[in-house]
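Let me begin by presenting the structure, written as C-alpha cells, before commenting on it.
These values consider heavy atoms only, across backbone and side chains, with no hydrogens, waters or symmetry-generated copies.
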Amino acid sequence: MPRVKVGPAPPDRKTLDVEIARLRDLDVGALRARWQDVFRRQPPPYLPRHLLFRMLAYRLQADHLGDLDGESRRLLDSAVSPEAAGKRAVEGARVTRDMSPGTMLGREWNGRMHRVAVLAEGFAWNGKTYPSLSKIALAITGTRWNGPRFFGLRDKPAREGGS
C-alpha cells in the first residue's frame, strides 16, 4: 500500500476567534503573563494594554493562519514609516493592475529577447504562468529584480539637485 502524506489540519477559525475573545477579557497583568507564554520572554514594560492585546492577537493569527510572505516583510522592513510602506505597495500594484490581459511585455537580456504575456491572473513566459513579474525576472536573470522595473514599467527615481 502506498504511503500517504497527511498535512496539518486546516486552521479552525472558530478556535482562533475564541482565543482572541479570551484575550479581550484579560487585564494588563494577565496579558503580560500570556505574552511570557507565547514569546518566551518578558514583555517590554512600557507597552500599554491595547498594544499587548494587538501583538498577542496578531501572533495567534499568524500561528494559526500563516505569517506574512517574504515580499511583504521586505516591503515593511525597508519602509521609513507604515504610510510609506502602504504607498509603495499601492504604487507597485497599480503598475501591474493597470495592464489589461493580452498586453505583451518585452525585455532583451544577454542578447536574447524575452516576451511576457499579461494574463487576467498572472503572467505567462516560456510556457509557464507566474504570479508576478519579479518571479519572471528572477527566472530570466537568476537574481532578484523588481519585476516592473526590470520590464521598464517603472521610472527610475529622479536624482535630487538636477544636472
Where at least one partner belongs to residues 132-141, residue pairs that pass side chain to side chain donor-acceptor pair (under 3.5 Å), sequence neighbours excluded: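 Output for this query lists Thr141-Thr143, Thr141-Trp145.
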Qualifying residues under side chain to side chain contact (heavy atoms under 4.5 Å, CB included), relative to Ala33, sequence neighbours excluded: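 For Ala33, no residue satisfies side chain to side chain contact (heavy atoms under 4.5 Å, CB included) once neighbours in sequence are set aside.
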For Asp67, side chain to side chain contact (heavy atoms under 4.5 Å, CB included) partners two or more places apart: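 Partners of Asp67 by the side chain to side chain contact (heavy atoms under 4.5 Å, CB included) criterion, ordered by chain and then number, come out as Tyr58, Arg59, Ala62, Arg73.
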Cluster link Leu119 to Trp125, ILVMFWY, side chain under 4.5 Å: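 Per the 4.5 Å side-chain linkage, Leu119 and Trp125 are not co-clustered.
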Linked, directly or transitively: Ile20 and Met55 (ILVMFWY side chains, under 4.5 Å):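 Yes; Met55 is reachable from Ile20 via cluster members.
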Salt bridge (Lys or Arg N to Asp or Glu O under 4.0 Å) pairs, two or more places apart, involving residues 28-47: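 Sorted result for residues 28-47: Glu19-Arg34.
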Quick one: closest heavy-atom pair of [X] and [Y], and the distance?
X: His114; Y: Trp109; result: CD2-CB, 3.8 Å
X: Arg49; Y: Leu26; result: NH2-O, 2.9 Å
X: Pro43; Y: Leu52; result: CB-CD2, 3.9 Å

Rounded at 0.5 Å granularity, tell me how far [atom1] in [X] sits from [atom2] in [Y].
X: Leu153; Y: Asn146; atom1: CG; atom2: CG; value: 9.5 Å
X: Leu60; Y: Leu23; atom1: CG; atom2: CG; value: 5.5 Å
X: Asp17; Y: Gln61; atom1: CG; atom2: CD; value: 8.5 Å
X: Arg112; Y: Glu108; atom1: CZ; atom2: CD; value: 11.5 Å
X: Ile140; Y: Leu133; atom1: CD1; atom2: CG; value: 9.5 Å
X: Thr103; Y: Leu105; atom1: OG1; atom2: CG; value: 7.0 Å

Ring pair (Phe, Tyr, Trp, His ring centres under 6.0 Å) against Phe53, all qualifying residues, sequence neighbours excluded: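 Here no residue qualifies.
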Results of ring pair (Phe, Tyr, Trp, His ring centres under 6.0 Å) for Phe39 - residues two or more places apart only: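 Expected list: Trp35.
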